[in-house]
Amino acid sequence: MKALYKFFKSAKLAVIIILIIAVLSIISTLIPQGRDAAFYFHTYGAFWAQVILTLDFDDFFRSILFLIPVGLFFINLSVCAVDRLVNRERRKARRRYGPDLIHVGLLLLIIGAMFSVFARIESLVYMGEGDEIQLQGRYLIRLLDYEYKEYANGRPKDWISTVEVRRNGELMIASFPIEVNKPLRIGGVRIYQTSFAREDRAQLRDKDGISRPISNGQGFELEGAVVIFRGIEGNTAVFEQWEDHSRTAIYRTGIGETIGEYTVAELGSRDVTGLKAVKDPGFIPVAIALIIVAAGLTLTFVQKRKDRDI
Amino acid sequence: MIATIAFAAMIVSGVIQVIYLLRRQRKIDPFSHYILLAAAVLLLTVTIDRSIRIRFVAVTNTFESLVFFSAVIALVLFVYRLRAKDRTIPYINFGATMVAIALLAVASSPIAPKDVAPPIPALQSYWLVLHVTLSFIGESFFVVAFICAIYYLTTGDEERKKNLDRLTYTTIAIGYPIFTVGALIFGAVWAQNAWGAYWSWDPKETWALITWLVYTAYLHTRFVKKFRGRVSAVLAIVGFVFTIFTFFGVNYLLAGLHSYA
């Protein structure tokens, strides 16, 4: 036990672990992350693709290869933090609390980051003017207005999605402009302006005369195959038929024409805004950790100046 | 135009420094650092002028970043030269002036477009301004540490080695907290506000972290007898090479979120 304590409190071990994490991270940035297996086989050949996939280098920062050194770093840092404290009491040494704060802050940061890795949820929704979405069962968000502003040279200046929020049916926020860098916060969830798109819509009518609206990317079943609405070209709706992961046909259907059991009744398009809702239980501990680290760095700096160390 | 004059001033300062370094009587030149100061003031004028024109702090593209970075390096060198106590300073000043000249050469090349354009929505955040400016201020001290470390590894003079080791340490000890707060902490706050994720393992973020890890390792080598000296100096050099790679290499060799700066 004593030997283990001595092993983990060593600064030499800290330097070595830090450098191992650095080297592994370098390798990870040379290999594109999160692609499908085919990409790695195509780019690196069968042998290296196998190595990358076996070692999870395609999802490196969640892999054992990364998490084990981080775990060791965590233990090393914890033991050092405790040891510094104990030693200082024993030796009545000069008090430099800055590094202690940095170490504790980093430990909290790792814990907070783990919450983010395993419990963070995000979802992207596209909304047109007048659309509504439910949030956490209690909130109803309705898009009042969506505006895109450009500079004179055509570069984007701003995207603004103005929303109304109701809680349990009661008006909570009458109007809030969500902009890039200005998210909306409600009930532990933040909503970000993320993207925008042009959405094509087709109004389909079945044999009984019931209409069914469909947006690009959505689809329906047709004789065992899936038909996806791709968008509008000219005055026709473009549909793709897919069977067993391969495209088997393309249909161009005008207004009044039929596809399967449906008749295309109307075609139109509209601007939609991409809003991202994020719930991250790791954010608060991480934010506190960052404040502690910043305070620790400042204190270390001040104390080093005072001691004429720098 | 002002940037070109600043660039020329920087070169003139470098030439004066090298002339004095090659002269036999080893006299420290009395005025090249004032030319560096003038270059810094001119470069900051460029930043202010562009800021007024785009109505935002002008650190939102590669050219503007390089102008700011070089200005801060020149200021740091000016201050170190004023406080100079030992004979190594003129050599360090010269090496670091060369780094600043190289950065300005990149700024004047077609790699860095000079359009005066207001920032796109993601960059319209004062967290970004703090992120960029503090990162470069921290990195300016890393430039000095880098030159000291190279000098340390190449000189045989023990007295000089001791001074250089000390100067490498002090510059990193000043640059490290500024870099950590600017690059990593304010960077995370900005990312959280802009994209809803304080960290996304984008290649530039990862390389900034790798750079930080190297300097963290450097600071801890000071507690390990075996590592002190040579290993420390090597890490100070690697740290700066990674700093530059994070700035340029990631943009041109790896793809990611930071493709605009």
Side-chain angles (χ1 to χ4, degrees), chain A residues 10-12 14-19 21-23 25-26 28-30 32-33 60-61 98-99 102 106 112-113 116 120 122 149 151 153 155-160 179-183 190-194 276-278 280 282-283 286-287 290-291 293-294 296-298 300-301 304-305 309-310, chain B residues 115 117-128 169-174 176-178 180-181 184-186 188-190 192-199 201-204 206-207 209-214 216-218 220-227 231 235 238 242 250 253-256:
Chain A
S10 116
K12 194 170 158 188
V15 172
I16 292 167
I17 295 178
I18 290 169
L19 292 179
I21 296 176
V23 170
S25 303
I26 291 173
S28 83
T29 64
L30 304 178
Q33 299 286 295
F60 175 69
F61 298 101
I102 300 172
L106 287 176
S116 291
R120 181 178 182 278
E122 74 166 54
K149 289 183 183 170
Y151 290 115
N153 64 4
R155 283 179 15 133
K157 184 178 183 186
D158 210 354
W159 291 285
I160 309 168
E179 292 174 62
V180 183
N181 276 306
K182 285 173 197 149
R190 286 167 179 236
I191 300 171
Y192 295 86
Q193 176 68 54
T194 305
K276 183 162 76 177
V278 178
D280 185 353
F283 176 66
V286 165
L290 292 179
I291 293 169
V293 171
L297 287 164
T298 313
T300 308
F301 184 81
K304 278 184 179 175
R305 292 289 296 170
D309 189 25
I310 53 176
Chain B
D115 320 344
I120 58 164
L123 303 179
Q124 294 164 15
S125 162
Y126 281 94
W127 292 115
L128 164 93
Y169 167 69
T170 51
T171 44
I172 290 178
I174 295 169
Y176 179 83
I178 304 173
T180 310
V181 171
L184 299 176
I185 299 184
F186 286 145
V189 176
W190 171 47
Q192 175 70 23
N193 233 18
W195 297 292
Y198 58 86
W199 193 265
W201 295 111
D202 143 90
K204 195 150 191 151
T206 308
W207 270 96
L209 177 69
I210 294 164
T211 304
W212 181 80
L213 287 171
V214 171
T216 306
Y218 169 87
H220 290 80
T221 55
R222 317 278 309 168
F223 303 120
V224 184
K225 222 176 182 176
K226 239 191 197 164
F227 292 161
V231 175
L235 285 178
V238 172
F242 284 4
V250 176
L253 300 174
L254 307 164

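So that the names make sense, note that chain A is the first sequence line, chain B the second, and so on, each numbered from 1. Side-chain atoms are counted along with the backbone in the values below, which use heavy atoms only and exclude waters and symmetry mates.
Ring pair B/W207/B/F242 is perpendicular by interplanar angle, where above 60° counts as perpendicular and below 30° as parallel. Note on ring orientation: taking the six-membered ring where Trp is involved, the planes of A/F283 and B/Y198 are tilted (angle from 30° to 60°).
The part of A/L19 that comes within reach of chain B is its side chain, from C-beta onward, which places non-hydrogen atoms under 4.5 angstrom from that chain. Heavy atoms closer than 4.5 Å to chain B are found nowhere in A/I160, neither backbone nor side chain. Neither the backbone nor the side chain of B/W127 comes within contact range of chain A; no heavy atoms are under 4.5 Å apart. Neither the backbone nor the side chain of B/L184 comes within less than 4.5 Å of any heavy atom in chain A. In this structure, chain B has heavy atoms under 4.5 Å from both the backbone and the side chain of A/A113. Heavy-atom distances place no part of B/K225 under 4.5 Å from chain A, backbone and side chain included. In this structure, the portion of A/V286 lying under 4.5 Å from any heavy atom of chain B is its side chain and not its backbone. Proximity to chain A involves both the backbone and the side chain of B/A117, based on heavy atoms less than 4.5 angstrom apart. Residue A/K276 touches chain B through its side chain alone, counting heavy-atom pairs closer than 4.5 Å. Looking at A/T194, there are no atoms closer than 4.5 Å to chain B (heavy atoms on both sides), in backbone or side chain.
Of the listed residues (A/R120, A/R305, A/Q193, A/K182), the greatest number of heavy-atom pairs within a distance under 4.5 Å of chain B belongs to A/R120. Per-residue counts of heavy-atom pairs under 4.5 Å with chain B were compared for A/L290, A/L30, A/V293; the largest is that of A/L290. Interface summary for chain B: among A/I17, A/V278, A/V15, A/T298, the most heavy-atom pairs under 4.5 angstrom belong to A/V15. Top candidate by heavy-atom pairs under 4.5 Å with chain B, chosen from A/S116, A/S28, A/A14, is A/S116. Counting heavy-atom pairs closer than 4.5 Å to chain B, the top residue among A/N181, A/L297, A/I18 is A/N181. Most heavy-atom pairs under 4.5 Å with chain A, from the set B/P118, B/A197, B/A194, B/A188: that is B/P118. Here A/I26 is the residue among A/D280, A/I26, A/V180 with the most heavy-atom pairs under 4.5 Å with chain B.
Contacts of A/I291 classified as side chain to side chain contact (heavy atoms under 4.5 Å, CB included), with partners at least two apart in sequence or in another chain: none. In this structure B/T221 satisfies the side-chain hydrogen bond (donor to acceptor under 3.5 Å, both in side chains) test together with B/S232, sequence neighbours excluded.
For the pair B/Q192 and A/Y192, the tightest heavy-atom approach, listed with the atom from each and the gap, is O-OH, 2.9 Å. Across B/Q124 and A/K157, no two heavy atoms sit closer than the pair NE2-O, 2.9 Å. Across every non-hydrogen atom of B/P119 and B/L123, the tightest pair is CB-CB, 3.8 Å. In this structure, A/I310 and B/I174 approach most closely via the heavy-atom pair CD1-CG1, 4.1 Å.
For the 3.5 Å distance criterion, the side chains of B/Y176 and B/W212 qualify, holding a donor opposite an acceptor.
The OG1 atom of A/T29 lies 5.0 Å from the CD1 atom of B/I210; values are rounded to the nearest 0.5 Å.
Under 4.0 Å is where a charged nitrogen must lie from a carboxylate oxygen, and between A/D158 and A/K149 no such pair does.
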